Amino acid sequence: MTATLKGNKLLTNLNAVQREAVQHTDGPVLIHAGAGSGKTRVLTYRVAHLIGQGNAKPWQILAVTFTNKAAAEMKERILALSEGNAKDIWIGTFHSVCARLLRVEAQKIGFDRNFLIFDRDDQIRFVKSVMKANHISEKQYAPDGVLSAINGAKNAFVSPAQYQTIAKNPFEETVAFVYGHYQREMKENNTMDFDDLLMNALYLFQEHADVLAHYQDKFKHILVDEYQDTNRTQYLLLNQLAAKHKNICVVGDDDQSIYRWRGADIENILNIERDYPGCKVFRLEQNYRSTKRILHVANSVVQHNVRRRHKALWTENDDGEKVTLVDLDDQISESLFVVSSIKDELHKNGRNFSDLVILYRTNAQSRVLEDALRTSGIPYVIVGGVRFYERKEVKDVLAYLRLICNPKDAISFKRVINFPLRGIGETSVAKLETFAEENSISLLDAAGRAAEIFTISGRIRKNIFDFAQMVRKYAALKTEFSPGELARAVVDEIGLLRTFKEIGTEESFGRAENVRELLSAIANYCNMHKSSGLEHFLEEVTLISDIDTWDDRSNAVTLMTLHSAKGLEFPVVYITGLEEGLFPLTRTLDSNEELEEERRLFYVGATRAKEKLYLTWAARRLRYGEYFENLPSRFIKEIDQEFVLRENLRRGFEQPGQRRHRRTNTREPRVDVMPAYDDFSQDMPQIYKGCEVKHGKFGIGKVVSIQGNGENMRLIVKFYDVGEKKLLVKYAKLEVLS
């Protein structure tokens, strides 16, 4: 055992409460950790202490958090503290831990160990496939809505059969039907989605008591970060695993529970002492991050919530500057103020670009901010734009690799059977599907027997057969080639780079670069994980999140939603768009629970700031070419004004040529005439000329023209696969990608 772990030397860097929390190693523990109170330090020191004092071997410890980035940082810190003596700890996200477990145990619940994991795009395709096969109209039941309901059921650990019994209306009955077919076909395809990883791990434990007993014995100590964000399925998993030893240590803060829309249940942390009688509670209330004034502002807002555990964050840091609250005319003046303020922070206070972050409630707000930054020559990075692995050409290559790894993968098969173009249209694929169903075989096996399908023309039958032979060839070579060599060979054989070169546009050159970057990523992954196969790379790619891809080393201003900022900190923070109907969102105003979550979201944003916090709101905001008047957010009124410096930069002018919508009901705080932002959530950016959009039928394209506004908005979109199409936004069901 290393000297570092002997004695109490490890504990000297902790305050009194942190030290107690680290040393209390027997039985259930809640570490109620306020923002910036050093929870990661306590978690990592607790693990090192467990190992150093001989309470547990590294492989008897399970540590779970919510992002790969957080898991990697935690592991790095633990290895440093233990001088490399902790390599065998299980550390990861809920999804990666369950994926690792299922790679060993999946056969017990009817899956092969080489199962593939679907991302959201794959899920949508699969839902559409199920709906089409069962003649369910996408116009009547939007696939996105059906999928969201299915995911919600999985987060609550509700099976298709259970969902059927609680369905109350035609939509829910349709969801129940699709859900059942979706799950059966996923299993037939040897695939799982994100939520299946958790559900199937729980099913495994319920159906195989010996497997559960094995992992209960194995994990003598369980540590859970961000416990306030756990959903029902995660909660049940943890309870199952901790049932024997009851050495579960959960760390969290109910004031930072902001994922209710994703299934998180704040009751999990509020009722921890009910679930684990005798649970020892430690309150980390000393904040090491923010100035006193920033903390006062954050606390003064969140204290308006009723459902919360009492705590009083305090700090020994300086008072710091007052929080700056700025009243502005519109989103343009807001963006110009932010740019001007950034320049002041750089020149007067010696900041780096990377010291600053701009936060907003919805992705729609980012475009105007981006324009202002770009015009001013300020470098910036966006968290949550079109992720690299979601770009069409990248997903096309990944689909080939997934099909090679899993010949049962029908979604990947249908994605690439006619990419690059082989003349194999939807009609031929439908006939292929019918043949596969009649013979109870996979689509790839059906393609290998294309010669038997006489309803398809001879030339197309040959193209289908050749495609199947190519996939089978590379499946056979998978063990002989490295993943990097295999991927490069596939790209060469389908002639993808050559095709992009022949197109010869700037856009096609960019797509070619993306494919080359993917090949580099696979090669780099193989170099770093020499014993891992292609399946492991595909799993890593699927489980990656927006924040995991953020390069925090670049010297650039960061733009992100308030949700994405969780767990981060910056010297200077801008929270923009503090208006009723935007923050808080319109849909939350009639629900106390949702309104309290919006307030917690403000608290999270404010406590990201170490030294300086700016708050902005605009009296008018442009949407679909029309200005709507706003009231300032109720959160502004809830702030203790003693700690605020308010600047009124409004000029109150009319925008020439713009129609303005005036309030007909001026009672505060509700703004009835402002358009609801519900359809404009953090996952739905605003449509603008030049942005990329995805259509269910036509694929991905770029908006080249916009006419009209509101419900009458019409677009001309140049789709990469089918050319230009005219669309009415109201009915097009577009997903905005950038």
Side-chain angles (χ1 to χ4, degrees), residues 1-15 17-31 33 36-101 215 218-227 229-230 234 238 241-242 245 247-253 282 284 288-289 528-529 532 540 543-545 547-548 552 566-569:
M1 190 172 299
T2 67
T4 304
L5 294 174
K6 288 184 177 179
N8 291 322
K9 189 180 289 188
L10 187 71
L11 305 177
T12 58
N13 295 326
L14 304 173
N15 67 35
V17 182
Q18 291 174 335
R19 192 177 305 118
E20 281 187 75
V22 166
Q23 290 178 302
H24 189 91
T25 55
D26 295 325
V29 170
L30 165 63
I31 300 176
S37 62
K39 69 179 178 63
T40 304
R41 172 177 290 240
V42 172
L43 270 177
T44 53
Y45 275 58
R46 184 178 171 88
V47 172
H49 184 73
L50 284 169
I51 298 170
Q53 297 302 309
N55 298 95
K57 301 294 185 185
W59 53 86
Q60 294 177 311
I61 298 173
L62 170 64
V64 188
T65 187
F66 274 81
T67 68
N68 293 304
K69 190 180 185 72
E73 289 174 357
M74 191 185 301
K75 187 168 188 177
E76 186 178 336
R77 290 194 195 187
I78 292 170
L79 289 174
L81 286 170
S82 65
E83 296 183 0
N85 195 37
K87 292 181 180 177
D88 295 326
I89 295 177
W90 277 44
I91 299 179
T93 64
F94 277 95
H95 295 93
S96 64
V97 165
C98 289
R100 180 176 176 182
L101 186 152
Y215 287 100
K218 176 180 176 60
F219 296 129
K220 187 177 178 182
H221 285 270
I222 298 172
L223 299 92
V224 188
D225 194 10
E226 307 285 7
Y227 189 66
D229 290 331
T230 51
Q234 292 160 340
L238 292 170
L241 287 171
H245 297 293
N247 290 327
I248 182 169
C249 173
V250 304
V251 182
D253 178 10
F282 298 95
L284 304 185
Y288 292 92
R289 176 188 301 152
M528 294 174 65
H529 306 83
S532 297
E540 186 98 353
L543 295 179
I544 206 165
S545 68
I547 202 65
D548 295 326
D552 56 359
K566 180 80 171 293
L568 305 177
E569 60 180 39

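Computed from heavy atoms alone, side chains included, the values below leave out hydrogens, waters and symmetry copies. Computed from a predicted structure; not experimentally measured.
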For residues 40-59, which residue pairs qualify under salt bridge (Lys or Arg N to Asp or Glu O under 4.0 Å), counting only residues two or more places apart or in two chains?
-> none

If we only count heavy atoms from C-beta on, is the Q234 to Y227 side-chain gap below 4.5 Å?
-> no

On a heavy-atom basis, the closest approach of A56 and I61 is CB-CG1, 4.0 Å

Spell out, as yes or no, whether a donor-acceptor pair under 3.5 Å connects the side chain of R19 to the backbone of L14.
-> yes

Gap between atom CD1 of I78 and atom CD1 of I51 - 0.5 Å precision = 7.0 Å

Are any of the side-chain heavy atoms of Y215 and L241 separated by less than 4.5 Å?
-> yes

Could you pull out the closest heavy-atom pair between I31 and C249, with the gap in Å?
-> CD1-SG, 3.6 Å

Atom CG of N55 and atom CG of L50: how far apart are they, to the nearest 0.5 Å?
-> 5.5 Å

Contact check, side chains of V250 and I248, non-hydrogen atoms, under 4.5 Å | yes

For D229, which residues count as a side chain to side chain donor-acceptor pair (under 3.5 Å) partner, sequence neighbours excluded?
-> K566

Contacts of type salt bridge (charged side-chain N to carboxylate O under 4.0 Å, His left out), residue E20, not counting sequence neighbours | none

Heavy-atom check, side chain of L223 versus side chain of L62, under 4.5 Å | no

Shortest non-hydrogen separation from A71 to I91 and the atoms involved = O-CG2, 3.7 Å

Would you call V224 and V251 a side-chain contact if the rule is heavy atoms closer than 4.5 Å?
-> no

Across all chains, not counting sequence neighbours, the ring pair (Phe, Tyr, Trp, His ring centres under 6.0 Å) partners of F282 are H24

Please list, chain by chain and in numerical order, all residues satisfying side chain to side chain contact (heavy atoms under 4.5 Å, CB included) with N15, sequence neighbours excluded.
-> V17, Q18, Q286, Y288

With sequence neighbours left out, write down each residue that passes side chain to side chain donor-acceptor pair (under 3.5 Å) with R289, or none if nothing qualifies.
-> E569

Non-neighbouring partners of T230 that pass side chain to side chain donor-acceptor pair (under 3.5 Å), sequence neighbours left out = N268

E76 meets the side chain to side chain donor-acceptor pair (under 3.5 Å) criterion, sequence neighbours left out, with none

Non-hydrogen atoms of T93 and N68 that approach each other most closely | CG2-N, 3.5 Å

With sequence neighbours left out, write down each residue that passes salt bridge (charged side-chain N to carboxylate O under 4.0 Å, His left out) with K39, or none if nothing qualifies.
-> D225, E226

For the atom pair NE2 (H221) and CD (Q60), what is the distance rounded to the nearest 0.5 Å?
-> 8.0 Å

Are the side chains of R100 and W90 in touch, meaning some heavy atoms are under 4.5 Å apart?
-> yes

Verify side-chain contact (heavy atoms from CB on, under 4.5 Å) between Q23 and H49, making sure each step is shown before the conclusion.
-> CA-CA 7 Å; Q23 290 178 302; H49 184 73; 4.1 Å; yes

Heavy atoms, side chains only, cut-off 4.5 Å: are T40 and E73 in contact?
-> no

Heavy atoms only: give me the nearest L43-M74 pair and the separation to one decimal.
-> CD1-CE, 3.9 Å

Provide the closest heavy-atom pair for N247 versus G27 in the form atom of the first, atom of the second, distance.
-> OD1-N, 2.8 Å

H95: what forms a ring pair (Phe, Tyr, Trp, His ring centres under 6.0 Å) with it, not counting sequence neighbours?
-> F194

